[in-house]
Amino acid sequence: MHLSPSSPIGIFDSGVGGLTVARAVMERLPRENIVYFGDTARVPYGVKSRETVARFAEQIARFLLAKQVKMLIIACNTMAAVAYDTVRALSPVPVLEVIDAGARTAVARTRNRRIGIIGTPSTIGSGAYVTAIQRYDQSGMFLATEACPLFVPLVEEGWLDHPVTRLTAFEYLTPLLAQNIDTLVLGCTHYPLLKPMLGSVMGQGVRLVDSAEAVSERAEDLLREMKLENPGQGEPEHVFHVTDVPQRFREVGERFLGRSLGTVRVESLC
Ligand code: DGL
């Protein structure tokens, strides 16, 4: 397969959450063409079986590979946790994912070697973050995890600094605060939208690791290593594919992306 610098980067998620990763990639790599896929008809993945999530991930990866992408970014912690090997096995192009990038950054940032990790029940239940952190640190850091299932619907609702969200955050995060962690991994692509609120709940002594930023840094390094950075001077092309356009998709999506979505194409994968 011939990879060209002008080929797009393929980014995918179960829905709109991965747009936080797309945004980080657009900000870090403003010349890159991007094809985004959000499986909005079948979200959420965080409560589905491993087999189902792997099957969906394979369908999406094949769709993006047919668009001649030069790199795939799994912008969904749940898919990264349970379907990375499936995607890696079928992809002739490099595959990046949010868990490895977030784990690597957390290990580099902690000073007291006590890390907290929050995510969907599937991601936390898979143990993927613990395994990934142990890959970068074999000396046995203290790790505390917490599944935060209510954050995704609260973010979808746009309640980013709502009293209900703040109360929910206190409920989920108090056990982590009690563990004296100095680093908290936001292990779900929806959570970066809650960053200001989560930061105020955790306090200044806790660094928040945003997997979106971490994976965009990794994408930049990898493109440089492969000599596949797009040198184009014109406006890059950003195309968004979804499997359904729910009522508030554009509004929520633009909040995630921080800019207009432009053209959104509806696809069927079945
Ligand atoms: N985007 C997913 C993640 O990062 C959360 C939403 C879902 O459950 O599909 O885990």
Is any NZ, NE, NH1 or NH2 atom of the basic residue among [X] and [Y] found under 4.0 Å from an Asp or Glu carboxylate oxygen of the other?
X    : Y    : value
D182 : R207 : no
E213 : K195 : yes
D100 : R135 : yes
R255 : E156 : no
E51  : R55  : no
E217 : R28  : yes

### Query
Can you check side chain to side chain contact (heavy atoms under 4.5 Å, CB included) on H241 and V239, steps first, answer last?
CA-CA 7 Å; H241 301 269; V239 185; 3.5 Å; yes
I need the single residue from [options] that forms a side-chain contact (heavy atoms from CB on, under 4.5 Å) with [X]. Which is it?
X    : options                : result
L194 : V155, L186, L154       : V155
I115 : L176, L184, I181, V185 : V185
L19  : L193, L261, D13        : L261

### Task
With the side chain counted from C-beta on, respond yes when V35 and I9 share a heavy-atom pair under 4.5 Å apart, and no when they do not.
no
#### Entry: Pair T120, T78: side-chain N/O donor-acceptor within cut-off below 3.5 Å
yes
### Message
Under a plain distance cut-off of 3.5 Å, with no hydrogens placed, do R111 and T183 share a side-chain donor-acceptor pair?
### Response
no
### Task
Could you walk me through whether R224 and D221 pass salt bridge (charged side-chain N to carboxylate O under 4.0 Å, His left out), step by step?
CA-CA 5 Å; R224 195 180 307 117; D221 291 346; 3.6 Å; yes
### Message
Take a 6.0 Å sphere around CD of E237 and say whether it holds more than 12 heavy atoms from other residues, nucleotides or ligands.
### Response
no
### Task
For atom CD of E171, decide whether the heavy atoms of other residues, nucleotides or ligands shown that lie under 6.0 angstrom number more than 12.
no
Please report the closest heavy-atom contact between [X] and [Y], naming both atoms and the distance.
X   : Y    : result
P30 : P236 : O-CG, 3.2 Å
R31 : P231 : NH1-O, 3.8 Å
P5  : E229 : CB-O, 3.4 Å

### Query
At what distance, to the nearest 0.5 angstrom, does CD of E58 lie from CG of L90?
5.5 Å
### Task
Check step by step if side chain to side chain contact (heavy atoms under 4.5 Å, CB included) holds for S200 and R166.
CA-CA 10 Å; S200 74; R166 189 167 280 272; 3.2 Å; yes
### Task
Decide yes or no on salt bridge (charged side-chain N to carboxylate O under 4.0 Å, His left out) for K70 and E32, but give the supporting numbers first.
CA-CA 11 Å; K70 60 184 173 186; E32 297 298 335; 2.6 Å; yes
### Task
In sequence, state the C-alpha distance, the side-chain angles, and the governing distance for F142 and T110, and then conclude on side chain to side chain contact (heavy atoms under 4.5 Å, CB included).
CA-CA 11 Å; F142 174 82; T110 182; over 6 Å; no
### Query
When clusters are formed by joining ILVMFWY residues with side-chain heavy atoms under 4.5 Å apart, either directly or through shared neighbours, do L143 and V206 land in the same one?
no
#### Entry: Shared hydrophobic cluster, Y84 / I117 (ILVMFWY, side-chain heavy atoms < 4.5 Å)
no
#### Entry: Aromatic ring proximity Y36/H238, centre distance under 6.0 Å
no
### F63 ring center within less than 6.0 Å of F12 ring center
no
### Task
Kindly indicate, with the supporting measurements, whether the criterion side chain to side chain contact (heavy atoms under 4.5 Å, CB included) is fulfilled by V98 and C76.
CA-CA 7 Å; V98 276; C76 172; 5.8 Å; no
### Task
Taking the six-membered ring of F56 (Phe, Tyr or Trp), confirm whether the NZ or CZ of R42 is under 6.0 Å from its centre and within 45° of its axis.
yes
